[in-house]
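Here the structure is a predicted model, which is why all the values come from computation and not from measurement. All values below were derived from every heavy atom in this structure, side-chain atoms included, with hydrogens, water molecules and symmetry-related copies excluded. Labels below follow one simple rule: chain letters A, B, ... track the order of the sequence lines, proteins then strands, and each chain is numbered from 1.
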Amino acid sequence: MSGPTTESKLEKLLREGKFVVTAEIGPPKHASAEGIRRHAALLKDWVDAVNITDNQTAIVRLSSLAAGVHCLQMGVEPILQMTVRDRNRIALQSDLLGAYSLGIRNVLCLSGDHQSFGNHPTARNVFDIDSIQLIAMVKKMRDEKQFLCGEEIKEHEPRFFIGAVANPFADPFEFRVLRLEKKINAGAQFIQTQCIFDLERFDRWMAMVRERGLHKRAAILAGVTPLKSVGAARYMQQAVSGMIVPDDLIARLKKAADAKAEGVEICVEQIKYLRTVEGVAGIHIMAVMWEEIVPTILEKAGLRSRT
Amino acid sequence: MIVAEGKPLEEVYALIAEAKKVLVVGCGGCVTVCLAGGEKEVGLLAASLRMKRKLADRPLETVEVTLTRQCDPEYVEQLDRYVTEEIDAIVSLACGVGVQFLAERYPKWVVPALNTKFAGGTLAPGRWEERCGLCGECILHRTGGICPIIRCAKSILNGPCGGSQNGKCEVNKEIDCAWQLIYDRMRLLGRLDDLLTIEPAKDWSKAKDGGLRKVLREEAILA
């Protein structure tokens with residue numbers, strides 16, 4: 001893993017070679033942090049850091065920066081997700097300074113779902129910079145102590161551990177690994193993947209990642225999502241962009257007497273397998289609307305409590 | 001060309017509700033080519049408005065003129081003799097540029113009859129598609145001749161995003177993913193390595209973000 005050391009605990013664990021676990025908290029569509037704090041308390045002893053999504057699927061939610069601070073107060077290390085959909089380079093840099101001042105040390109740089117998917121489809125988008133340019137900007141602020149414009153940050157530059165995402169299930173497949181390389185060249189130090197259901201395709205992608213030595217330059221955290229029901233699986237298959245959910249997984253859920261238990265079982269099997277894949281440095285578990293199941297899955301997968 | 005399409009008749013009808021006599025002005029440029037604001041469309045709109053007003057028992061008088069271009073004072077001037085005292089409103093079937101050129105010249109109520117859509121071209125008869133984002137600093141030589149600024153829904157300069165599947169954009173399965181097209185084209189040209197170069201943040205001051213843009217060409221300016 002390249003790049004200088006930051007105060008991120010996640011970075012420290014990855015540098016020590018620990019197999020890390022991250023999870024996800026989606027902030028609510030209201031102004032109370034109660035749910036965030038409850039989920040943080042639930043995940044605290046089980047994960048090394050928690051992603052805080054940034055108005056995911058372009059639906060207005062409590063800000064990821066504020067939610068990240070609530071997590072910090074609960075003793076959970078946040079990974080601040082930052083999309084380039086809603087903020088220009090001025091607002092992004094301002095929020096990076098603010099986030100760092102509040103104790104946030106990890107940032108995950110993304111494009112963001114298009115606003116047409118959300119609850120304000122008539123909104124104007126920003127996309128002043130793209131996700132790769134955001135990675136480069138966070139790195140420039142840290143390593144060159146400069147704002148994007150080149151102006152010097154005279155003191156107290158924000159020193160983030162920089163993350164990015166990769167989707168092995170999007171197209172063109174052959175370019176996915178090259179684009180990952182671009183992200184790493186821009187400064188990404190850890191990578192969280194899109195939810196993996198098609199293990200065969202993930203294996204092919206990882207082989208290409210290893211071939212280019214990218215797993216040695218950035219920590220790859222494999223993304224998993226437990227499927228709560230046949231309906232949820234179908235939704236993921238049909239409505240979520242850039243996702244592949246194989247039919248046989250859906251058939252397996254259908255056949256099961258208890259679909260929820262089967263969903264847990266599938267996720268545990270996936271984690272156990274992914275742990276054995278060379279170059280996978282950790283698991284990122286995205287239990288959307290089913291956060292409470294995370295400890296059960298991790299325990300069954302043999303990823304013991306952090307306490 | 002600038003591609004436009006007609007506003008719904010109801011909308012134009014409401015815009016000139018008070019007028020007794022209107023000048024309906026077409027444009028012989030882009031909007032004639034894209035069948036939105038040429039002589040034929042002028043005749044059709046004027047007739048529809050008259051008919052609708054007649055049914056409402058409030059007859060409307062129309063004068064129809066189609067200029068070579070509405071974005072050029074040389075042609076706009078030709079309207080002078082039609083813009084008489086009795087004209088209560090001018091209906092422009094040009095793009096937004098033409099509407100403004102008419103409004104700048106005449107102290108009259110000028111209304112747009114079209115919605116100006118984009119800078120694009122004809123794919124097939126009756127089908128037009130956007131091609132240029134008018135960003136002010138062309139990068140097509142770096143993207144295989146395909147513009148990611150306007151053809152990618154997120155204007156990504158280092159694409160494709162994670163929503164590209166089977167060659168289509170996540171926003172709409174009817175839209176090709178611009179970055180799939182760029183990838184295919186660069187592969188065809190044997191220039192895939194070029195795509196590994198990180199495209200830096202764009203200078204949007206050259207686009208509309210920098211305020212009103214002007215082009216001056218010294219040699220063309222009349223002394």
Side-chain angles (χ1 to χ4, degrees), chain A residues 57-58 83-85 88-89 92 110-117 121 125-137 139-140 148-149 164-187 192-195 212 223 239-244, chain B residues 133 135 139 142-144 146-188 190-210:
Chain A
T57 59
T83 72
V84 295
R85 178 192 58 226
N88 69 5
R89 63 190 78 179
L92 289 166
L110 310 105
S111 304
D113 295 310
H114 192 268
Q115 74 276 9
S116 59
F117 292 102
N125 60 35
V126 179
F127 298 117
D128 172 24
I129 57 174
D130 66 23
S131 61
I132 290 180
Q133 292 160 350
L134 174 62
I135 294 166
M137 187 172 82
K139 182 178 160 68
K140 185 173 185 173
L148 181 62
C149 62
V165 294
N167 185 2
F169 310 103
D171 293 318
F173 180 64
E174 322 78 59
F175 192 61
R176 285 292 147 190
V177 173
L178 296 180
R179 185 156 188 263
L180 171 63
E181 188 163 336
K182 271 180 97 163
K183 290 189 172 187
I184 295 170
N185 290 345
Q192 291 173 320
T193 76
Q194 176 66 289
C195 318
R212 293 187 82 90
V240 182
S241 61
M243 194 89 87
I244 295 179
Chain B
C135 73
I139 56 158
R142 295 206 288 274
T143 55
I146 291 144
C147 178
I149 289 161
I150 204 66
R151 297 179 73 175
C152 165
K154 299 177 187 174
S155 296
I156 293 175
L157 294 176
N158 295 281
C161 80
S164 171
Q165 259 184 338
N166 304 312
K168 299 297 175 187
C169 172
E170 69 172 26
V171 171
N172 183 339
K173 298 292 167 231
E174 301 294 310
I175 301 172
D176 289 330
C177 166
W179 275 97
Q180 174 78 53
L181 298 177
I182 293 169
Y183 172 80
D184 291 344
R185 177 113 172 115
M186 292 299 256
R187 194 175 54 172
L188 182 83
R191 303 189 74 134
L192 271 186
D193 284 351
D194 291 8
L195 293 184
L196 271 177
T197 307
I198 295 169
E199 183 72 29
K202 193 168 171 65
D203 176 1
W204 293 111
S205 72
K206 297 189 167 73
K208 67 172 182 61
D209 307 77

Which atoms form the tightest heavy-atom contact between A:Lys183 and A:Ala164, and what is the distance?
-> CD-CB, 3.8 Å

Closest non-hydrogen atom pair, B:Asp194 against B:Met186 = CB-CE, 3.7 Å

Highest number of heavy-atom pairs under 4.5 Å with chain A: which of B:Ser164, B:Gly167, B:Gly163?
-> B:Ser164

Contacting moiety of A:Leu148, where chain B heavy atoms sit under 4.5 Å | side chain

A:Leu178 portion near chain B, given a 4.5 angstrom heavy-atom threshold | both

A:Phe173 portion near chain B, given a 4.5 angstrom heavy-atom threshold | neither

Interchain contact, A:Ala136 with chain B, by part (heavy-atom threshold 4.5 Å) | neither

Side-chain ion pair, B:Lys168 and B:Asp176, N-O less than 4.0 Å | yes

Identify which part of A:Asn185 has an atom lying under 4.5 Å from any heavy atom of chain B, answering side chain, backbone, both or neither.
-> both

Find out whether A:Ser131 and A:Arg179 are in side-chain contact, i.e. whether some heavy atom of one side chain is under 4.5 Å from a heavy atom of the other.
-> yes

Answer yes or no: is there an ion pair linking B:Lys154 with B:Glu170, defined by an N-O contact shorter than 4.0 Å?
-> yes

Would you mind checking which part of B:Asn166 comes under 4.5 Å of any heavy atom in chain A, side chain (CB onward), backbone (N, CA, C, O), both or neither?
-> both

Chain B contact via A:Asn167 - side chain, backbone, both or neither, heavy atoms under 4.5 Å | side chain

Exam field: side chain A:Arg176 to backbone A:Ala166, donor-acceptor pair closer than 3.5 Å = no

Looking only at A:Pro168, A:Gly112, A:Ser241, most heavy-atom pairs under 4.5 Å shared with chain B are made by A:Ser241

Do the side chains of B:Ile146 and B:Tyr183 get nearer than 4.5 Å, heavy atoms only?
-> no

Between B:Pro160 and A:Pro172, what is the shortest heavy-atom contact and its length?
-> CG-CD, 3.7 Å

Side chain, backbone, both or neither of A:Arg89 within contact of chain B (heavy atoms, under 4.5 Å) | side chain

Contact part of A:Met243 toward chain B, heavy-atom cut-off under 4.5 Å: side chain, backbone, both or neither?
-> backbone

Considering all heavy atoms, the nearest A:Arg212-A:Val177 contact = CD-CG1, 4.0 Å

For A:Ile244 and B:Gln165, which heavy atoms make the closest approach, and how far apart are they?
-> CG1-NE2, 3.7 Å

Can you name the residues that form a salt bridge (charged side-chain N to carboxylate O under 4.0 Å, His left out) with B:Lys173, not counting sequence neighbours?
-> none

Residues in residues 202-209 of chain B that sit under 4.5 Å from chain A, counting heavy atoms only = B:Lys202, B:Trp204, B:Lys208

